[in-house]
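Atoms considered below: every heavy atom in the structure, side chains included; atoms not considered: hydrogens, waters and symmetry mates. Quantities reported herein were computed from a predicted structural model and do not represent experimental measurements. Note that ligands are numbered from 1 as they come in the structure, with each ligand's atoms numbered from 1 the same way. Start at 1 with the first residue, then count along the sequence.
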Amino acid sequence: MKFSVIPEPRTFQISGDAPVFFLNELCNLRADAASATAESDLLAFLEKVYELTPLIGSGKDYIFLSVDPTLPDREGYRLTVQEHKVTITGADDSGVFYGVQTLKQLLLQSDCALPALSIDDAPRFSHRAFMLDICRHFFAPDAIKLILDAMALHKLNVLHLHLSDDQGWRVEIYSRLLLAQIGGFRTDPAYGGKLYGGFLTKADVSDLVAYAAARHITIVPEIDLPGHSIAALAAYPALSCDGKERNVTSRVGIHRDILCAGKESTYEFVFSVLDEVCEMFPSGMVHIGGDEVPLHNWKQCPDCQKRIRDEHLADEKALYEAFMRRVADHLRAKGQRVFAWHNKELSPDFAGSIVLHHWNRPPETDAPYIDANWRVFYFDHSHGTLPLSAVYDYEPTAEGKTPVGLEACLWTEFIDNLGKAGAQTFPRLGAFCEGAWSEKEAKDYARFLEKLPAYERLLQTLPVPYTARRQANPRALKKLLLSLREGGNWVRGALQRKFD
Ligand SMILES: [Zn+2]
């Protein structure tokens, strides 16, 4: 018997073809207290997929779930199948949970009759993230839950939620209620010119945080600062340099209107918002954006120029760095780990203060970073411009640096529903997770392709939309290269629409 597990386990040995364990309604499940999340996840799977509420205790076959802290690797697990017995032992509760994710795949591929086998497994990277942009288009809590379910199957452990941008503010803040009430909606000609949008309430966030935790996923909230802030400026115009009234925009791209870094009231706003966000999302991690910040308005603004003089800063670029450092210092004093996008144009080195998500190239220093390489991990790219093989074959250490983790990103300028989101994300997320979880030596693209039918069947248990297309489109690739030469990162969005 041959099994296809994604991501590929570290070692997998099968002792023979004859089944020795049989799952049925008489099967027993025994879990220790530390394995409660794994137990409830397995029970939910069995009931949903097999309509089994087994484990009532009169049969011969057992599933044992337990934590053994003497196992060597954090998040690692051992899964063995012997005569009438499946044993999953995790180094910690997440290890047991990941063992259950593997067991699901084995059950689906064997009609619930397993041969003797042994798996020893642990992740390559401790930070295995998926970023969802719910600003360009709002994704409701149920859609986010489906994505969390899919992430769990892929053994991913961080959902990075992009919560604020020019096109929408997506989380309720009690101290600044207009952020969501005004910033959460735009008049969009593409959607009948009516108010279009939505936001997560505090109750939604609390529910999502618990839902994610039950799947060993941490949610990292992102409030994008000081750029990508038009939705915030629409709600509170005084936060901009000129104080003029603005509407939440439906235009994609980089906008000149950003937060004023001169006025002290901007910092009071940022701190109070982030304090509330950190309370809502107890991950101890927060992302403060920092990308695509045009300095035009700061050059004209008396408040920004005064701060540059008062703080003896060289220029607006230094003001950007001072702004980011001050916000990061505020958060770090509260015990937060701070993330931001690497800013290609302003390019400061925040080593020791902010962990940067490098989307364009690895850092030149030895600072810890997250690899979110746009060429291979931006899943909003069309399948013509980003073939599955490119996602799979990417090796994050190729340039001599080792990131602390990998992140796949779904920007949603041109993705307005879950069907499109799924079609862009799967099976790419399978390729991504094998890079994030499995050792470099365990990767094999030809074998990965052979595993896809079983992987698709696994996703159907949720179900999530899936696209089988994975061929590069030479014409689309040529257009993409031309557009990049012309500059303009967002041009890729237009290509997306044109070619997908
Ligand atoms: Zn200003």
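Residues H381 and W374 bring their aromatic ring centres within 6.0 Å.
Partner H160 forms a ring pair (Phe, Tyr, Trp, His ring centres under 6.0 Å) with one of W341, F281, F339 and no other, that one being W341.
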Side-chain donor-acceptor distances from residues 224-234 under 3.5 Å, at least two apart:
| from | atom 1 | to | atom 2 | distance (Å) |
| --- | --- | --- | --- | --- |
| D224 | OD1 | G290 | N | 3.3 |
| H228 | ND1 | D165 | OD1 | 2.8 |
| H228 | ND1 | D166 | OD2 | 3.2 |
| H228 | NE2 | E292 | OE1 | 2.7 |
| S229 | OG | P226 | O | 3.1 |
| S229 | OG | G227 | O | 2.8 |

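Scored by the side chain to side chain contact (heavy atoms under 4.5 Å, CB included) test, A140 finds F138 as partners (sequence neighbours excluded).
Protein contacts to the Zn ion (ligand 1) involving N, O or S atoms at a distance below 2.8 Å are C241 SG, C260 SG, C301 SG, C304 SG.
Listed by first and then second residue, the salt bridge (charged side-chain N to carboxylate O under 4.0 Å, His left out) pairs involving residues 345-361 are R361-E364 (not counting sequence neighbours).
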**Q.** Candidate pair I308 and E316, rule side-chain contact (heavy atoms from CB on, under 4.5 Å), full reasoning
**A.** CA-CA 7 Å; I308 287 172; E316 292 76 24; 3.9 Å; yes
